[in-house]
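What follows is a single structure, written as structure tokens, with notes after it.
To find a chain, count down the sequence lines: A is the first, B the second, and so on, and within it residues start at 1.
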Amino acid sequence: MEHPRPDRLHLLGHDPATRRRDPHGHARGGRSDGGRRRGRGLRRGPRRAHQHRGPALTGLPFITQQPQRTESDTVTDAPVDSRPVRVRMAPSPTGSPHVGLVRTALYNWAFARHHGGTFVFRIEDTDTARNTEESYDSIIELMRWLGLDWDEGPEVGGPHAPYRQSERGDLYADALDKLRASSFTYDCYCNNDEVDARRKASGSKVMGYDGFCRELSDAQVAAFVGEGRKPIVRFRMPDGSVSWDDLVRGEITFETEFVPDYALCRANGDPLYTLVNPIDDALMEITHVLRGEDLLSSTPRQVALYDALIELGITDFTPRFGHLPYVMGEGNKKLSKRDPQAHALAYRDNGFLPEGLLNYLALLGWAIAADRDVFSLSEMVDAFEIGDVNANPARFDLKKCEAINASQMRLLSVEDMTHRALPFLKAAGVVGDPVHDADAQLLELAMPLIAERINKLTEAPDMLGFLFADEDGFEVDPTDAEKLLDDAGKEVVRAALDALADLHPWSTDAIQTALQTALIDGLGLKPRTAFGAVRVAVTGRRISPPLFESMELLGHDRSIGRLRRALG
RNA sequence: GCCCCCGUCGUCUAGCGGCCUAGGACGUCGCCCUCUCACGGCGGUAACGCCGGUUCAAAUCCGGUCGGGGGUACCA
């Protein structure tokens, strides 16, 4: 307002007619580059050959190849591709964290680790109306559970602290002041109704702000102020087009006539996402922005804003952008927070391994190899290339997620699985907390029986409960009892009792031989019927670990006791 | 409406002009193993949205079309 407003393009030394908006030197407005070399940066291969005619630059962490600029392009931003990689995850703490967030976090993390870069964690909590501390806590908890460690961020600090936007107000105010003092922005006094009315009257196809306040005279400003209007600050979108070489989609171009001037803050001065997100990325020197495809359409605004930030000396380069596909739910809708499958922490509570969830989520848009889909995090780090990420949305399939989790369970040692199952066993009351020595010993013997047959940790208490239950607390599943401990079943149990009462030694083999002789050979029963009845009597369930081993662990007296008890 | 993104089995994907009568995984179906459950093993099922063009050759490149999704805020 009080500052002079040099023509922005003039200020940049550009000819308005030829100014290209793309910071990486791509041909303006076109997808075809006529065979020119271009800054393909970290993209791996010519995935879409029509978009990438340059030589394949295979996965080098720091590509120094510089896109060529035209003579009119004098912006001196440093080459982002020659900088050490810095990526970030920037969730808003609203509600319970979503599996889509986990996938985004994972790709960012894997990208950082693959390139030996820095993974920054930042909390975007500027929307005080929607943010909650619970949500913040659960995001932290989630990241810790997953093992996606961050190098800078909440709880760990770092050179760009603080990492919660709610504590960075001064930084935004400062940036906003600088922006406002330039011609990159202007104060806007319009209200929504006025904008709508003008849009309607003009019959424009483009929605959004129409630039009415772009060139207000001092008298007009005085009049608005006189009415008591408070301005917001709008970013002045440049003429022409904005394009960038998207890390997962190739070159994307927007004509800026379809990208209206946008608000950077509220009338009360509160900064908006449109400002704080790029400001933080700039201040934190983020080199690669990997985020959901829902932000795709706000990218031309950010790219344009970056030009301004560079000009104002707030940063000296524009990051590369990569837009990750959605994680979809049932039907063709984005997996909604309403969907129980969406809640990331629920997978922990339901007995999934972090390895399982992460492995599955990695598969939603990326593949480690043509014929493999079970892998470790470190294998992923070795292999992960952002250019290999698929651009098309993926549907979340719980069945496959469970199958991948099961595969990861198979990879655990029995000791490890015991360790991981322990919280679930404690929570179910199967073992005490702390665990008694006797229980710990029993557990050590029992886990091998189930380690190969459970697909989630929550199955451990179900399978092992009978072993740890004292005889007063031991219960038989009523449905299973009704089915298998009918009169015929009780006959079987009686025969088993006779065969086992004086059995010595009490070993798996001896038990098996004794029962086989008495029930299969003696009574001529089918193994299924014979052992089924005994199983329910001894373990309380139709489904259990292997019967003879289970009985050995249970011991002679308790086994016999349960057989007696089944007879009523 | 306008802008942008996306389009290979039911689902996730491999595919980078000839290795493709399109590979793997999950699901599903059948069989084997078997004391239940699970694991494991074997086999079957099933896809390049459509139309043009380029090429000796197209799932792959180009154009169009249709379909799906997202955006179009003083939300993020």
Original post:
Looking at the side chain of A:D397, which of B:C35, B:G10, B:C74 is the nearest nucleotide?
Top reply: B:G10
Original post:
Should B:C66 form a Watson-Crick or G-U wobble pair with both distances under 3.5 Å, which nucleotide is its partner?
Top reply: B:G7
Original post:
Roughly, in whole Å, what's the span from CG in A:L398 to P in B:G10?
Top reply: 21 Å
Original post:
Less than 4.0 Å between a side-chain N and a carboxylate O, is that true for A:D477 and A:R542?
Top reply: no
Original post:
What is the distance from CZ of A:R199 to C1' of B:G1, rounded to the nearest Å?
Top reply: 13 Å
**OP:** Whole angstrom is fine here: how far is it from CG in A:L449 over to P in B:U36?
**Re:** 16 Å
Original post:
So what does A:L363 touch, heavy atoms closer than 4.0 Å: a base, only the sugar-phosphate, or nothing?
Top reply: sugar-phosphate
**OP:** Indicate, with a heavy-atom threshold strictly under 4.0 Å, whether A:F258 touches base, sugar-phosphate, or nothing.
**Re:** sugar-phosphate
**OP:** Could you work out which one of B:C2, B:G24, B:C37 sits closest to the side chain of A:D371?
**Re:** B:G24
Subject >> Closest listed nucleotide, where the reference is the side chain of A:E549 and the choices are B:C5, B:C35, B:C74 >> reply: B:C35
Original post:
Between B:A25, B:U36, B:U13, which nucleotide has the shortest distance from any of its atoms to the side chain of A:N390?
Top reply: B:U13
Original post:
To the nearest angstrom, how far is A:L324 atom CG from B:G69 atom C1'?
Top reply: 16 Å
Original post:
Is the side chain of A:N359 donor-acceptor paired with the backbone N or O of A:D373 at a distance under 3.5 Å, no angle test?
Top reply: yes
**OP:** Find the distance A:D261:CG to B:A73:P and express it as a whole number of Å.
**Re:** 13 Å
Original post:
Is the shortest distance from a Lys or Arg side-chain nitrogen in A:D280 or A:R88 to a carboxylate oxygen in the other one below 4.0 Å?
Top reply: no
Original post:
Within the structure shown, what part of the strands sits under 4.0 Å from A:L295 by heavy-atom distance: base, sugar-phosphate, or nothing?
Top reply: base
Original post:
If only side-chain N and O atoms of A:T126 are considered, is one of them under 4.0 Å from the OP1 or OP2 phosphate oxygen of B:A76?
Top reply: yes
Original post:
Does a nitrogen or oxygen in the side chain of A:R395 sit under 4.0 Å from OP1 or OP2 of B:G10?
Top reply: no
Subject >> Closest listed nucleotide, where the reference is the side chain of A:P393 and the choices are B:C6, B:C35, B:C3 >> reply: B:C6
Original post:
Just how far, in rounded Å, is C1' of B:A76 from OH of A:Y262?
Top reply: 14 Å
**OP:** For A:R541, answer base if it contacts any base atom (sugar-phosphate contacts may also be present), sugar-phosphate if it contacts only those atoms, and nothing otherwise; contact means non-hydrogen atoms under 4.0 Å.
**Re:** nothing
Subject >> Mate of B:U28 where both pairing distances stay under 3.5 Å, Watson-Crick or G-U >> reply: B:G44
Original post:
Using a cut-off of 4.0 Å between protein heavy atoms and nucleotide atoms, how would you tag nucleotides 39-44 of chain B 5' to 3' with B, S and -?
Top reply: S-----
Original post:
Going through the distances and angles, do A:T299 and A:R291 end up as a side chain to side chain contact (heavy atoms under 4.5 Å, CB included)?
Top reply: CA-CA 11 Å; A:T299 303; A:R291 47 159 34 164; 3.0 Å; yes
Original post:
Looking at A:K399 and A:E402, does any basic side-chain N land under 4.0 Å from a carboxylate oxygen?
Top reply: no
Original post:
The side chain of A:K400 lies closest to which of these nucleotides: B:A25, B:C37, B:C74?
Top reply: B:A25
**OP:** On RNA chain B, check which nucleotide each of A:S92 and A:P546 is closest to and give me the residue with the more 5' one.
**Re:** A:P546
Original post:
Has A:N392 got a side-chain N or O lying under 4.0 Å from the OP1 or OP2 atom of B:U8?
Top reply: yes
Subject >> Nucleotide of B:C35, B:C75, B:U72 approaching A:M207 most closely (side-chain heavy atoms) >> reply: B:U72
**OP:** Find the distance A:R535:CZ to B:U36:P and express it as a whole number of Å.
**Re:** 7 Å
Subject >> Whole angstrom value for the distance that separates C1' of B:C26 from CG of A:N359 >> reply: 12 Å
Original post:
If you measure from the C1' atom in B:C51 to the same atom in B:G43, how many Å do you get, rounded?
Top reply: 39 Å
Original post:
If we take the P atom in both B:A73 and B:G68, what is their distance in whole Å?
Top reply: 23 Å
Original post:
Contact class for A:G532 vs. all strands (heavy atom < 4.0 Å): base, sugar-phosphate, or nothing?
Top reply: nothing
Original post:
Between A:D261 and A:R234, is the closest basic N to carboxylate O distance under 4.0 Å?
Top reply: no
**OP:** Identify whether any heavy atom of A:A267 sits under 4.0 Å from a base atom; if not, whether one sits that close to sugar-phosphate; answer base, sugar-phosphate or nothing.
**Re:** base
Original post:
Partner of B:A73 by Watson-Crick or G-U wobble geometry, both contacts under 3.5 Å, or none?
Top reply: none
Original post:
With rounding to whole Å, what would you report as the distance between B:A47 and B:C26 at their C1' atoms?
Top reply: 15 Å
**OP:** Could you pick out which residue, A:A369 or A:S544, lies toward the 5' side of RNA chain B when each is mapped onto its nearest nucleotide?
**Re:** A:A369
**OP:** For B:A22 and B:C9, measure between their P atoms and round to the nearest Å.
**Re:** 14 Å
**OP:** Classify the ring geometry between A:F224 and A:Y189 as parallel (under 30°), tilted (30 to 60°) or perpendicular (over 60°).
**Re:** parallel
**OP:** May I ask you to verify whether the side chain of A:R249 and the base of B:C5 hold a donor-acceptor pair under 3.5 Å?
**Re:** no
**OP:** Evaluate the ring planes of A:W244 and A:F254, with Trp represented by its six-membered ring, and classify them as parallel (under 30°), tilted (30 to 60°) or perpendicular (over 60°).
**Re:** parallel
**OP:** Consider the side chain of A:L272, meaning its heavy atoms from C-beta on, and name the nucleotide among B:A76, B:G10, B:A14 that approaches it most closely.
**Re:** B:A76
Original post:
Looking at the side chain of A:S298, which of B:C4, B:A76, B:C35 is the nearest nucleotide?
Top reply: B:A76
Subject >> Sidechain N-carboxylate O distance under 4.0 Å for A:D480, A:R535 >> reply: no
Original post:
Is it true that A:R164 and A:E133 make a salt bridge, defined as a side-chain N closer than 4.0 Å to a carboxylate O?
Top reply: yes
Original post:
Whom does B:C61 pair with, Watson-Crick or G-U wobble, provided both distances fall under 3.5 Å?
Top reply: B:G53
Original post:
In terms of side-chain heavy atoms of A:A367, which of B:C3, B:U13, B:G1 is nearest?
Top reply: B:U13
